[in-house]
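What follows is a short report on a single structure.
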Amino acid sequence: MDDASTGTSMVGLLGRVTGTVGPGLVGEVIVRIRGGAEHFLAHPAVPKERIEVGTVVTVMEHLPPRTVYVTAAYDG
């Protein structure tokens with residue numbers, strides 16, 4: 001999905017968790033985009049997944065303007 005204002009797709013971008021993402025939680029991630037870094041509300045792309053602060057994540061879906069669904073970028 002493209003960001004209508006810039007034509008930039010968020011899907012596939014890497015970010016870092018700044019507020020725990022998990023079931024029943026609205027987490028937060030910071031993503032480098034548009035020449036800077038922006039914070040987004042985050043939900044797990046896999047419903048039961050819990051992603052701790054500091055984990056590198058991949059954006060799987062973007063719901064404009066400020067919500068993303070993420071999954072851990074690396075096994076660990």
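For this chain, numbers begin at 1 and follow the sequence in order. Only heavy atoms go into these numbers, but all of them, side chains included; no hydrogens, no water, no symmetry mates.
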If you define the side chain from C-beta out and look only at heavy atoms, does anything of [X] sit under 4.5 Å from [Y]?
X     : Y     : value
Tyr69 : His62 : no
Val31 : Val59 : yes
Ile51 : Val70 : yes
Glu61 : Met10 : no

To check you understand the geometry: which heavy-atom pair defines the closest contact between [X] and [Y], and what is its length?
X     : Y     : answer
His39 : Thr18 : ND1-OG1, 3.8 Å
Val29 : Ala42 : CG1-CB, 3.7 Å
Pro47 : Pro44 : O-CG, 4.0 Å
Phe40 : Thr67 : CD2-N, 4.3 Å
Leu25 : Arg50 : CD1-NH1, 3.6 Å

Strictly distance-based, threshold 3.5 Å: is any side-chain N or O of Arg16 a donor or acceptor partner for the main-chain N or O of Ile30?
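No; judged by distance alone, with no hydrogens or angles, the pair does not exist.
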
Testing Val57, Ile33, Thr58 for side-chain contact (heavy atoms from CB on, under 4.5 Å) with Leu13, which one passes?
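The passing option is Ile33.
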
Atom CZ of residue position Arg32 - does it have more than 12 heavy atoms of other residues, nucleotides or ligands inside 6.0 Å?
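Open: at most 12 neighbouring heavy atoms sit under 6.0 Å from CZ of Arg32.
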
Spatial distance of atom NE2 (His43) from atom CE (Met60) [nearest 0.5 Å]
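The distance works out to 15.5 Å.
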
